[in-house]
Amino acid sequence: MALKIASWNVNSLRVRLEQVIQWAQSTSPDLILLQETKVTDDDFPIAAISAAGYHAVIQGQKTYNGVAILATRAISAYPLELPEILTQEQRICATLVDDVLVINVYVPNGSEVGSEKYAFKLNWLEAFTTLVQTLLEQHPKIVIAGDFNIAPEDRDVYDAETWHEAILCSSPEREALQGLFMLGFADSFRLHHPEGERYSWWDYRAAAFRRNRGLRIDLTLISSPLIPACTAADIDPTPRAWERPSDHAPTTAEFN
DNA sequence: ATGGTGGACGATCCA
């Protein structure tokens with residue numbers, strides 16, 4: 001069962017709808033995990049998504065956040081039992097593809113180190129890791145993809161000195177991510193790419209993309225039984241150069 | 001030099 005799973009923080013699905021469809025047609029992923037759809041379920045552009053050949057699981061809200069999974073095959077929402085901190089904002093949805101549980105996440109940004117939002121981010125990550133630990137008992141094969149809002153290591157950051165202990169890079173955030181690695185998860189991109197200067201997000205300001213001043217904060221983590229099956233993982237920066245782009249690039253991971 | 005951009009929404013909040 002070959003499977004290509006893509007993830008993309010689109011920063012408003014309504015604005016980026018045509019880009020998502022165009023990129024899907026050129027890349028042909030079986031699943032596309034979207035973050036920051038910024039659309040309520042009532043306003044989700046289901047007709048255009050259907051016309052492009054995709055089914056959808058949606059978990060939206062007004063103005064902020066919102067996630068969705070698009071799939072070439074029929075899918076249904078996996079019934080997650082979430083603690084209260086994970087239900088305050090729409091940041092998680094999941095679906096089962098054969099024996100693989102695919103989880104789409106939009107981890108809180110955290111604003112700045114030491115802020116209230118930062119504490120929320122760390123508490124959110126702790127609750128999420130506990131959830132994943134429980135899910136592993138029923139589902140040894142889990143893919144968690146999305147915008148983690150954490151650059152795992154300094155090689156994932158364009159200027160590690162500037163970003164030292166800053167938001168997206170601070171030690172407590174990286175240690176929280178380590179909690180998932182300790183459950184046996186691997187960063188699929190790093191299984192195939194040891195090199196630096198490969199990023200998934202570039203600030204809209206100060207020509208950050210043109211200068212490749214980015215961070216790799218969009219990750220696809222795979223549980224240990226999936227590691228031998230992961231044949232490729234990559235980041236596609238081309239849509240970031242399109243007119244009116246998202247600030248994130250789509251990423252992919254492939255399995256045989 | 002504390003900027004600079006973009007989305008949602010309709011004054012700011014969030015990233």
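Values reported hereafter were calculated over all heavy atoms of this structure, with side chains retained and with hydrogens, waters and symmetry mates removed. Lettering follows sequence order; numbering is per chain, from 1.
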Map A:R205 and A:N149 onto DNA chain B by nearest heavy atom, then report which one ends up closer to the 5' terminus.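 This one resolves to A:R205.
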Please compare A:W201 and A:N11 by the position of their nearest nucleotide in DNA chain B and report the one closer to 5'.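 Counting from the 5' end, the first nearest nucleotide belongs to A:N11.
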With respect to the side chain of A:Y204, which nucleotide from B:dG6, B:dA15, B:dG4 is positioned closest?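 Closest nucleotide among those given: B:dG6.
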Closest approach to the side chain of A:E36, judged atom by atom: which nucleotide of B:dA8, B:dG4, B:dA15 is it?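 Between B:dA8, B:dG4, B:dA15, the one nearest the side chain of A:E36 would be B:dA15.
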Can you tell me the distance, in whole Å, between the [atom1] atom of [X] and the [atom2] atom of [N]?
{"X": "A:K62", "N": "B:dC13", "atom1": "NZ", "atom2": "P", "value": "17 Å"}
{"X": "A:L215", "N": "B:dA15", "atom1": "CG", "atom2": "C1'", "value": "13 Å"}
{"X": "A:K38", "N": "B:dA8", "atom1": "NZ", "atom2": "C1'", "value": "7 Å"}
{"X": "A:R91", "N": "B:dC14", "atom1": "CZ", "atom2": "P", "value": "11 Å"}
{"X": "A:L13", "N": "B:dA8", "atom1": "CG", "atom2": "P", "value": "10 Å"}
{"X": "A:Q35", "N": "B:dG7", "atom1": "CD", "atom2": "P", "value": "17 Å"}
{"X": "A:D247", "N": "B:dG4", "atom1": "CG", "atom2": "C1'", "value": "14 Å"}
{"X": "A:Y64", "N": "B:dA15", "atom1": "OH", "atom2": "C1'", "value": "10 Å"}

Decide whether [X] and [Y] meet the rule of one side-chain donor and one side-chain acceptor closer than 3.5 Å.
{"X": "A:E18", "Y": "A:Q22", "value": "no"}
{"X": "A:N9", "Y": "A:E36", "value": "yes"}
{"X": "A:T40", "Y": "A:D42", "value": "no"}

Using the C1' atom on both, measure B:dG4 against B:dA15 and round to a whole Å.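 Going atom to atom, C1' in each nucleotide, I get 14 Å.
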Looking at DNA chain B, which of residues 109-119 of chain A put a heavy atom within less than 4.0 Å of it?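 A:N109, A:K117 - these, ordered by number, are the residues of the stretch whose heavy atoms sit under 4.0 Å from the strand.
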Side-chain N or O of A:R244 less than 4.0 angstrom from OP1 or OP2 on B:dG7?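 For A:R244, the contact criterion (side-chain N or O under 4.0 Å from OP1 or OP2 of B:dG7) is met.
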If only side-chain N and O atoms of A:R16 are considered, is one of them under 4.0 Å from the OP1 or OP2 phosphate oxygen of B:dG7?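 Yes, because at least one side-chain N or O of A:R16 sits under 4.0 Å from OP1 or OP2 of B:dG7.
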Could I get the full list of salt bridge (Lys or Arg N to Asp or Glu O under 4.0 Å) partners for A:D154, not counting sequence neighbours?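 Checked A:D154 against salt bridge (Lys or Arg N to Asp or Glu O under 4.0 Å); matches are A:R174.
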Between A:H248 and A:W201, how do the two ring planes meet: parallel, tilted or perpendicular, split at 30° and 60°?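 Answer is tilted, since the angle falls between 30° and 60°.
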When the ring planes of A:Y199 and A:W202 are compared, do they come out parallel, tilted or perpendicular, using 30° and 60° as the limits?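 Answer is perpendicular, since the angle exceeds 60°.
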Base, sugar-phosphate, or nothing: which does A:Y106 touch, judged by heavy atoms less than 4.0 Å apart?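 If one applies the 4.0 Å heavy-atom cut-off, A:Y106 turns out to touch the sugar-phosphate alone, with no base involved.
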Ring centre gap for A:W23 and A:W8 strictly below 6.0 Å: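 Yes, ring centres under 6.0 Å apart.
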